[in-house]
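One structure is given here, and the rest of the page talks about it.
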Amino acid sequence: QLQFVESGGGLVQPGGSLRLSCVASGFILNNYAVAWFRQAPGKEREWVSCITWNGGLTNSADSVKGRFTISRDNAKNTVYLHMNSLKPEDTAVYYCARYPNFDPPVTGWGTTAACEYWGQGTQVTVST
């Protein structure tokens with residue numbers, strides 16, 4: 001069964017840090033680019049960050065740039081999202097998914113339609 005399993009979420013105070021993990025099973029992760037998305041209550045799922053198959057290129061949304069870093073360890077079939085300086089507006093369920101190729105598509109890379117095999121998500125809550 002092809003799937004991702006996310007973990008590492010939790011409750012953290014503003015300014016704190018978390019590291020999310022996304023473990024792939026049922027396929028070889030290093031053949032695919034991967035993205036992180038998030039969805040806050042009452043809002044649409046939004047793209048957060050992505051990484052190419054070998055980690056050579058990454059990109060992040062302006063809202064998290066400079067605070068979040070995406071990385072991957074293909075030997076462990078795992079992608080990470082390192083989150084620093086967390087803000088209450090970062091509160092959401094965080095999901096990972098793969099693009100169907102080595103690199104994200106040239107267009108539409110920030111859309112949920114561009115990705116496949118979503119995980120179940122991990123909750124991140126930033127609050128005092």
Side-chain angles (χ1 to χ4, degrees):
Q1 183 179 2
L2 307 181
Q3 64 178 355
F4 283 108
V5 178
E6 301 96 335
S7 63
L11 174 63
V12 63
Q13 293 186 345
S17 299
L18 285 174
R19 187 186 76 166
L20 306 184
S21 298
C22 168
V23 180
S25 64
F27 64 96
I28 306 299
L29 186 62
N30 63 2
N31 289 337
Y32 302 95
V34 175
W36 283 96
F37 285 73
R38 66 185 182 185
Q39 188 166 18
K43 295 188 177 181
E44 293 188 353
R45 194 168 297 189
E46 65 171 352
W47 175 83
V48 174
S49 189
C50 65
I51 187 166
T52 55
W53 69 280
N54 61 353
L57 288 175
T58 64
N59 195 14
S60 296
D62 288 343
S63 60
V64 305
K65 200 162 289 186
R67 300 188 298 120
F68 291 10
T69 302
I70 189 171
S71 66
R72 65 191 297 158
D73 184 343
N74 287 337
K76 295 182 178 180
N77 239 26
T78 301
V79 174
Y80 303 99
L81 186 66
H82 309 261
M83 305 187 297
N84 297 317
S85 301
L86 283 161
K87 304 175 181 180
E89 51 263 44
D90 295 319
T91 295
V93 178
Y94 284 71
Y95 301 88
C96 61
R98 77 176 196 191
Y99 296 99
N101 292 299
F102 288 103
D103 297 326
V106 174
T107 60
W109 41 263
T111 66
T112 57
C115 295
E116 57 188 11
Y117 298 117
W118 296 83
Q120 84 291 344
T122 185
Q123 175 71 48
V124 172
T125 303
V126 185
S127 175
T128 56

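The residues of the chain are indexed from 1 along the displayed sequence. The analysis underlying the following values was restricted to heavy atoms, covering all of them including side chains, and did not include hydrogens, waters or symmetry mates.
Summarising the local packing, CD of E44 is surrounded by 12 or fewer heavy atoms from other residues, nucleotides or ligands at distances under 6.0 Å.
The shortest distance between side-chain heavy atoms of M83 and D90 does not fall below 4.5 Å. Put simply, the side chain of L29 does not reach to within 4.5 Å of the side chain of T78, judged on heavy atoms. Residues I28 and N30 meet the side-chain proximity criterion, which asks for heavy atoms closer than 4.5 Å. Counting only heavy atoms from C-beta outward, the side chains of R38 and L20 never approach each other to under 4.5 Å.
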Which side-chain N or O atoms in residues 6-17 pair as donor and acceptor under 3.5 Å with protein atoms at least two apart or in another chain?
residue	atom	partner	partner atom	Å
E6	OE1	Q120	N	3.0
E6	OE1	G121	N	2.8
E6	OE2	C96	N	2.8
S17	OG	N84	OD1	2.9

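Evaluation of the salt bridge (charged side-chain N to carboxylate O under 4.0 Å, His left out) test over residues 111-125, restricted to residues two or more places apart or in two chains, returns R98-E116. Sequence neighbours left out, the pairs with a member in residues 52-62 that pass salt bridge (charged side-chain N to carboxylate O under 4.0 Å, His left out) are D62-K65. Applying the ring pair (Phe, Tyr, Trp, His ring centres under 6.0 Å) rule to pairs touching residues 54-77 yields nothing, sequence neighbours excluded. Within the structure, the disulfide (SG to SG under 2.5 Å) test picks out no pair touching residues 26-86 (sequence neighbours left out). Counting only residues at least two apart or on different chains, no disulfide (SG to SG under 2.5 Å) pair has a member in residues 97-128.
To the nearest 0.5 Å, atom CG of residue L18 and atom NE2 of residue H82 are 12.0 Å apart.
Contact between S21 and W36 at its shortest, heavy atoms only, is O-CH2, 3.8 Å. Smallest separation of non-hydrogen atoms from A40 and A92: N-CB, 3.8 Å. For G108 against A114, the heavy-atom pair with the smallest separation is O-CB, 3.2 Å. Here the closest non-hydrogen pair linking V64 and V48 is CG2-O, 3.8 Å.
For S85, the side chain to side chain contact (heavy atoms under 4.5 Å, CB included) partners are R67, not counting sequence neighbours. Here Y94 pairs with nothing under the ring pair (Phe, Tyr, Trp, His ring centres under 6.0 Å) rule; sequence neighbours left out. Every residue two or more places apart in sequence or in another chain that forms a side chain to side chain contact (heavy atoms under 4.5 Å, CB included) with D73 is listed here: A75, K76, Y80. When the side-chain hydrogen bond (donor to acceptor under 3.5 Å, both in side chains) test is applied to T52, the partners found at least two apart in sequence or on another chain are N54. Residues meeting the ring pair (Phe, Tyr, Trp, His ring centres under 6.0 Å) test with F102, sequence neighbours left out: W53.
Under the 4.5 Å side-chain heavy-atom criterion for Ile, Leu, Val, Met, Phe, Trp and Tyr, F27 and V34 are members of the same hydrophobic cluster. Grouping the Ile, Leu, Val, Met, Phe, Trp and Tyr side chains by contacts below 4.5 angstrom, directly or via other members, places I51 apart from V23.
Using a 4.5 Å cut-off between side-chain heavy atoms of Ile, Leu, Val, Met, Phe, Trp and Tyr, W47 falls into a hydrophobic cluster with F37, V93, Y95, Y99, W109, W118.
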